[in-house]
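Notes follow the structure.
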Amino acid sequence: MASLRVVVLFVAATVMFVAFVPPPAVAQLRTDYYASVCPNLENIVRNSVRQSMAQSQISAPAALRLFFHDCAVMGCDASIMITNSNGDDEWRNSDNQSLKREGFTTILSAKAAVDSDPQCRNKVSCADILALAARESVLQSGGPYYPVELGRYDGRASTRASVVLPRVNFNLDQLNAFFSGLGFNQTEMVALLGAHTLGAADCPFFQYRIGSDPTMDQGLASQLRGTCGSNPTNGFAFLDPSPVTFDNAFYRNLQGGRGLLGSDQVLYSDTRSRGAVDNYASNQGAFFADFVAAITKLGRVGVKTAANGEIRRDCRFPN
Ligand code: HEM
Ligand SMILES: *[C@@H]1O[C@H](CO)[C@@H](O)[C@H](O)[C@H]1NC(C)=O
Ligand SMILES: *[C@@H]1O[C@H](CO)[C@@H](O)[C@H](O)[C@H]1NC(C)=O
């Protein structure tokens with residue numbers, strides 16, 4: 001009897017303990033987060049991104065890349081947007097990642113459009129506008145629609161030293177190590193890197209491979225020799241043959257040894273990830289489904305709450 005009583009007490013205590021544990025300090029993202037405060041949010045961002053894309057073909061690729069660089073460094077908190085007066089901020093980190101101005105203006109224009117609706121003014125975080133603009137960049141480039149989880153708060157800090165990003169000469173183990181730190185397994189990583197179906201890269205990121213990387217197609221090598229020979233610092237090439245269309249051509253490109261970045265081509269060269277590349281190359285539906293899952297997961301990285309964040313009034317400066 002005594003031991004039964006102990007067990008009952010223990011169970012009761014456990015139930016009470018569990019019942020009184022406060023909710024985790026992890027943000028609960030929801031797709032309808034702004035439904036009552038800013039019901040027209042998605043349309044406002046959609047129209048604004050459409051206008052930015054009409055002005056520049058770099059807009060969508062640059063905005064999508066910005067979302068990755070934001071989420072990978074101190075979480076999806078729009079810290080990448082912060083401009084510090086002393087110049088010590090993420091976007092001006094020492095190994096200049098050459099983020100394009102068009103990405104920033106796409107987000108700032110969307111924020112201005114959101115704030116021009118009196119209901120929405122200063123109610124929507126820059127981090128959420130960035131997440132929505134990334135989705136629009138994918139969708140309006142011909143990629144999949146996906147519901148965007150919302151409810152992120154903006155961070156207050158941004159420093160050069162906090163920037164730790166994967167490098168173009170990473171091998172598969174280094175890539176896996178970096179992305180597993182963000183919660184991705186290898187297949188999810190291969191799907192996420194399909195973002196390189198959009199946009200371009202400057203010669204310094206791939207020139208070192210020309211003539212020295214045997215996995216590079218000879219035709220591509222001679223083409224790139226021409227591109228970068230005449231203009232090594234400002235020359236650029238597209239990451240896949242359809243740089244303004246979000247499709248699975250990126251993976252077919254890798255099958256032909258025509259990946260521009262070493263970190264992309266290695267996904268095919270290394271037999272451990274080749275199967276995923278082959279799958280996405282032959283099945284765009286599978287790529288779209290897995291990309292949606294992966295970018296949604298990216299959007300959950302290090303999300304801030306009211307306890308450690310704010311709704312920034314100007315995306316470039318903490319309040
Ligand atoms: C292994 C990880 C990655 C590496 C090493 C990498 C590296 C690069 C480099 C070097 C460029 C060219 C930048 C330039 O010259 O302007 C680039 C462009 C781009 N990256 Fe990545 N990236 C990685 C992952 C990602 C991810 C996860 C995303 C998004 C989900 C992404 C989206 C983009 C986009 C859209 C562009 C084109 C930007 C433009 O045309 O302005 N990247 N990336
Ligand atoms: C970084 O790159 C941008 C454009 O790609 C360029 O305008 C800027 O001067 C560069 N900054 C540094 C510190 O090299
Ligand atoms: C990786 O994650 C995906 C999606 O969550 C899952 O379906 C797959 O089984 C995982 N792969 C491995 C090798 O764990």
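One is the number of the first residue; the rest follow in order along the sequence. We count ligands from 1, going down the list as the structure has it; atoms in each ligand are counted the same way.
- Under the 3.5 Å distance criterion, with hydrogens and angles disregarded, a donor-acceptor pair is assigned to the side chains of D128 and S125.
- Between the side chains of D240 and T197, at least one donor N or O lies within less than 3.5 Å of an accepting N or O.
- Considering backbone and side-chain atoms alike, K100 places an N or O below 3.5 Å from some N or O of ligand 1.
- Considering backbone and side-chain atoms together, F291 places no N or O closer than 3.5 Å to any N or O of ligand 1.
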Passes side chain to side chain contact (heavy atoms under 4.5 Å, CB included), H196 versus L261? Steps please.
CA-CA 9 Å; H196 284 168; L261 305 181; 3.6 Å; yes

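- For atom 40 (O) of ligand 1, the closest non-hydrogen atom of the protein is A200 N, 2.9 Å.
- Two residues are said to be in side-chain contact when any heavy atoms from C-beta on lie closer than 4.5 Å; F178 and L182 meet this criterion.
- Salt bridge present: D202 and K100 bring a charged side-chain N and a carboxylate O closer than 4.0 Å.
- Nearest protein heavy-atom contact of atom 3 (C) of ligand 1 is P166 CG, 3.9 Å.
- Residue-level contacts of ligand 3 at the 4.0 Å heavy-atom threshold are N185, E188.
- Under a 4.0 Å N-O distance rule, the pair K111/D115 qualifies as a salt bridge.
- Regarding atom 35 (C) of ligand 1, its nearest protein heavy-atom neighbour is P61 O, 3.1 Å.
- With hydrogens left out, the protein atom closest to atom 14 (C) of ligand 1 is S98 OG, 3.1 Å, a heavy atom.
- The S263 neighbourhood of ligand 1 comprises atoms 5 (C), with distances under 4.0 Å to a heavy atom of that residue.
- Every residue two or more places apart in sequence or in another chain that forms a salt bridge (charged side-chain N to carboxylate O under 4.0 Å, His left out) with R135 is listed here: E42.
- Ranking the protein heavy atoms by distance from atom 37 (C) of ligand 1 puts L198 O, 3.5 Å first.
- Take a cut-off of 2.8 Å around atom 21 (Fe) of ligand 1: the protein N, O or S atoms inside it are H196 NE2.
- Of the protein's non-hydrogen atoms, L175 CD2, 3.3 Å is the one closest to atom 1 (C) of ligand 1.
- In this model, no donor atom of one side chain and acceptor atom of the other lie less than 3.5 Å apart for Q284 and D247.
- Taking a cut-off of under 4.0 Å to the non-hydrogen atoms of R167, the atoms of ligand 1 that pass are 5 (C).
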Under the ring pair (Phe, Tyr, Trp, His ring centres under 6.0 Å) criterion, do F287 and Y251 qualify, and how do the steps go?
CA-CA 9 Å; F287 165 49; Y251 298 103; 5.0 Å; yes

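- Proximity of L99 to ligand 1, defined as any heavy-atom pair under 4.0 Å, is not found for any part of the residue.
- Ion pairing between a basic and an acidic side chain is recognised when a charged N comes within 4.0 Å of a carboxylate O; E90 and R160 show no such pairing.
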Which pairs of donor and acceptor atoms, one on a side chain in residues 44-51, lie under 3.5 Å apart (sequence neighbours left out)?
unit_1 : atom_1 : unit_2 : atom_2 : d
R46    : NE     : E136   : OE1    : 3.0
R46    : NE     : E136   : OE2    : 3.0
R46    : NH2    : E136   : OE2    : 2.9
N47    : OD1    : R50    : NH1    : 2.9
N47    : ND2    : N43    : O      : 3.2
S48    : OG     : A110   : N      : 3.3

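- With hydrogens and angles left out, the side-chain atoms of W91 and S158 include no donor and acceptor closer than 3.5 Å.
- A salt bridge links D173 to R272: one of the charged nitrogens lies within less than 4.0 Å of a carboxylate oxygen.
- Y280 and D290 share a side-chain donor-acceptor pair at under 3.5 Å.
- Between D202 and ligand 1, a contact under 3.5 Å exists for at least one N or O pair.
- Classification of E149 and R300 as a salt-bridged pair holds, one side-chain N sitting under 4.0 Å from a carboxylate O.
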